*Asks:* 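Submitted below is the structure of interest, expressed as structure tokens.
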Amino acid sequence: MRSTPPALLLALALAAGCAHRAPSTAPVAPVAPVAVPGVRLAVEVGERGEVVFLVPAGWKATSGEPEPPLPASVRFEPPLGHFALVVTPLAGPGEAAGPVGPEVARTLVEAARDRVREGAVERELPLVALEPPGLRGWYFAATDRELAEAGVPAGPDDYRCLVQGAVVVGPLVLAFSLLDDGAGPHREVALGLVRGAVHRPPPPPRPAERASEPPGRRHADPSSWALRGAEPLELALPGRAWSLLLDLEGWSVADPRRRFDGSGVTVIGQRRDDGLLLSASLVEAAGRRSAESCRERDWERMAKLEGLTSPRLEVTAGEARAWYTVREEAGPTRHLSAWRYRDGACLHLHLSLPAEPGAAPGAAPGAEARLRQGLGLARYGESL
């Protein structure tokens, strides 16, 4: 079995192709079930919400690109042991909110088994039921005939065995393939990861009406902004166990507002001593899954600003940034935008610092250092 099995059209999607090398005879270090809680990973599935996996501590999760007509898969790999688990959330039949019956999973697994049987050592591939507690579904196990019969060692990307199945969770079917070199304790760990998945429906749509402002206060008028104390300003989205905290003590800050399209919240403020401006937006990612993809949509619009010069894009430590200067009547202004991604949400921090009158673009002493330092004003707060 190859490390990246080819897609089965609309059946189960992950039937393995045969490699032309034999398995290694060296023992594979087993991975015992972990007792620690692990890390929760949320995978978006469009209008059907998201699936949350409890990933064992130390495991790596990698999201692949979608290969139409199939959605993106998630590959889970342990810190030790020669095996990999690939899970693909598939939309079930019917309405997005309707639960899927277990017979759908069984039908998919049977179709996948028929495709795998001709290349397997085993003459029969019985279905094994996955029963509660946990999600319900079926799976089978097969051994690759070519790898078992060949006479040379297999490479690190080859796996002798395949455990393939599907479970139902809410309106979704989770198709999974475990690639390994034979039975062992690691199989229970991998099956437990799949069975423990939880479906979360999308949040209800929020009204897109324009948010009202307090009497006498204008969001874009700094003269009406209030002076902040030591308490951090909090921005939050529904359904998240965390919030964005902004440490703006001594800043003049407008009241946070809902975005007009209902996708999130935004706030703007100014530091009194040097005029540093900051705006922060926390919005639903709407299909974006990385800091760079969060930046892409905004930067396409921002790059067309009149008078924009000296653009520079960079990515560092999970953060996508854009540096640029805008020529204005009062003089050039240096800007830094930074995007972060977390749990289906995009954070956009925008900082700008006006140059001294008559200064060349970006010539204000330490301008970039002060802008970069301003990114430290934002941090996450976790709900306990």
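Keep in mind the model is a prediction, meaning the values are calculated, not measured. Just the heavy atoms: all of them, side chains too, but no hydrogens, waters or symmetry mates, feed the values below. Residues: numbered from 1 along the sequence shown.
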*Asks:* Please name the pair of heavy atoms, one in P256 and one in L233, separated by the smallest distance, quoted to 0.1 Å.
*Replies:*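 Closest approach of P256 to L233, heavy atoms only: CG-CD2, 4.0 Å.
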*Asks:* Just checking, any donor-acceptor pair under 3.5 angstrom between side chains of R334 and T325?
*Replies:*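 Yes, because at least one side-chain N or O of R334 sits under 3.5 Å from a partner of the opposite role on T325.
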*Asks:* Listed by chain and number, what are the side-chain contact (heavy atoms from CB on, under 4.5 Å) partners of L377, not counting sequence neighbours?
*Replies:*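 Expected list: L248, W251, L278.
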*Asks:* If you compare all heavy atoms of A338 against all heavy atoms of L375, which two are closest, and at what distance to 0.1 Å?
*Replies:*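 Between these two residues, the closest heavy atoms are CB-CD2, 3.6 Å.
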*Asks:* Using the salt bridge (charged side-chain N to carboxylate O under 4.0 Å, His left out) rule, collect all pairs that involve residues 278-295, keeping only residues at least two apart or in two chains.
*Replies:*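 Salt bridge (charged side-chain N to carboxylate O under 4.0 Å, His left out) check on residues 278-295 returns R240-E284.
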*Asks:* Heavy-atom count check: over 12 atoms from other residues, nucleotides or ligands less than 6.0 Å from E122 CD?
*Replies:*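 Correct, the count exceeds 12.
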*Asks:* Could you tell me which residues satisfy side-chain hydrogen bond (donor to acceptor under 3.5 Å, both in side chains) with E234, sequence neighbours excluded, listed by chain and number?
*Replies:*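 Listed in chain order: S243.
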*Asks:* I'd like to check the side-chain hydrogen bond (donor to acceptor under 3.5 Å, both in side chains) partners of R40; sequence neighbours left out, ordered by chain and number.
*Replies:*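 By the side-chain hydrogen bond (donor to acceptor under 3.5 Å, both in side chains) rule, R40 matches no residue at all.
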*Asks:* So L276 and L371, do their side chains get closer than 4.5 Å, heavy atoms only?
*Replies:*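 Answer yes - side chains close enough.
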*Asks:* Test of understanding: clusters of I, L, V, M, F, W, Y form through side-chain heavy atoms closer than 4.5 Å, transitively. Do L246 and V283 belong to the same one?
*Replies:*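 No; tracing contacts between hydrophobic side chains, which count when under 4.5 Å, never links both residues.
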*Asks:* Heavy atoms only: give me the nearest L193-L54 pair and the separation to one decimal.
*Replies:*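 Where L193 meets L54 most closely, the heavy atoms are CG-O, 3.9 Å.
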*Asks:* Are H186 and D180 close enough that a side-chain donor and a side-chain acceptor fall under 3.5 Å?
*Replies:*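 Present: a donor and an acceptor within the cut-off.
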*Asks:* Mind checking the CG-CG spacing from L162 to D144? Nearest 0.5 Å is all I need.
*Replies:*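 Between L162 CG and D144 CG, I get 9.0 Å after rounding to 0.5 Å.
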*Asks:* Is it true that T143 and R160 share a donor-acceptor pair across their side chains at a distance under 3.5 Å?
*Replies:*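 Note: R160 and T143 side chains miss the donor-acceptor criterion.
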*Asks:* When the side chains of residues 299-307 are checked against the rest of the protein, which donor-acceptor pairs come out under 3.5 Å, sequence neighbours left out?
*Replies:*
none

*Asks:* Check this for me, if you would: do R340 and E319 make a salt bridge, where the nitrogen-to-carboxylate-oxygen distance has to be below 4.0 angstrom?
*Replies:*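 Yes, R340 and E319 are salt-bridged.
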*Asks:* Distance check, rounded to the nearest 0.5 Å: E50 atom CD versus E44 atom CD?
*Replies:*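 Atom-to-atom, E50:CD and E44:CD are 6.5 Å apart.
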*Asks:* Which heavy atom in E110 sits nearest to a heavy atom in L127, and how many Å separate them?
*Replies:*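 The pair with the smallest heavy-atom distance is CG-CD1, 3.7 Å.
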*Asks:* Between V267 and L227, is there shared hydrophobic-cluster membership here, with clusters defined by ILVMFWY side-chain heavy atoms closer than 4.5 Å?
*Replies:*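 Cluster IDs for V267 and L227 differ.
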*Asks:* Out of V167, L191, V194, which residue meets the side chain to side chain contact (heavy atoms under 4.5 Å, CB included) rule with Y139?
*Replies:*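 Single side chain to side chain contact (heavy atoms under 4.5 Å, CB included) partner of Y139 among V167, L191, V194: L191.
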*Asks:* S73 side chain to V86 main-chain N or O, any donor-acceptor pair under 3.5 Å?
*Replies:*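 Checking the backbone N and O of V86 against the side chain of S73, no donor-acceptor pair under 3.5 Å is found.
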*Asks:* Not counting sequence neighbours, which residues clear side-chain hydrogen bond (donor to acceptor under 3.5 Å, both in side chains) with H348? List them please.
*Replies:*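 H348 satisfies side-chain hydrogen bond (donor to acceptor under 3.5 Å, both in side chains) with S337 once adjacent residues are dropped.
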*Asks:* Centroid separation under 6.0 Å, is that true for the rings of W59 and F83?
*Replies:*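 Yes, close enough.
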*Asks:* Is a side-chain donor or acceptor of R321 paired with a backbone partner of L313 at a separation under 3.5 angstrom?
*Replies:*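 The answer is no, because no donor-acceptor pair under 3.5 Å joins these two groups.
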*Asks:* Before accepting this row, confirm whether a basic side-chain N of the pair E188/R195 lies closer than 4.0 Å to the acidic partner's carboxylate O.
*Replies:*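 No.
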*Asks:* Could you report the tightest heavy-atom contact between P232 and R379, atom names first, then the distance?
*Replies:*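 Smallest interatomic distance, heavy atoms only, reads CG-NH2, 3.8 Å.
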*Asks:* If you measure from the Lys or Arg side-chain nitrogens to the Asp or Glu carboxylate oxygens, is any gap between R75 and E77 under 4.0 Å?
*Replies:*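 A salt bridge is present here (some side-chain N lies under 4.0 Å from a carboxylate O).
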*Asks:* Among P202, P89, P201, P171, which residue satisfies the side chain to side chain contact (heavy atoms under 4.5 Å, CB included) criterion with R48?
*Replies:*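 Single pass found, and it is P171.
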*Asks:* Looking at L125 and A142, what are the two nearest heavy atoms and their distance?
*Replies:*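 L125 and A142 have their closest heavy atoms at CD2-CB, 3.9 Å.
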*Asks:* For the residue pair Q164 and S177, confirm or rule out a side-chain donor-acceptor distance under 3.5 Å.
*Replies:*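 Checked: Q164/S177 side chains pair up, N/O donor to acceptor below 3.5 Å.
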*Asks:* Determine the interplanar angle of the H350 and Y324 rings, folded into 0 to 90°, and report it as parallel if under 30°, tilted if 30 to 60°, perpendicular if over 60°.
*Replies:*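 Parallel: the ring planes of H350 and Y324 meet at under 30°.
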*Asks:* Do other residues, nucleotides or ligands put more than 12 heavy atoms under 6.0 Å from E131 CD?
*Replies:*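 Check passes, neighbour count above 12.
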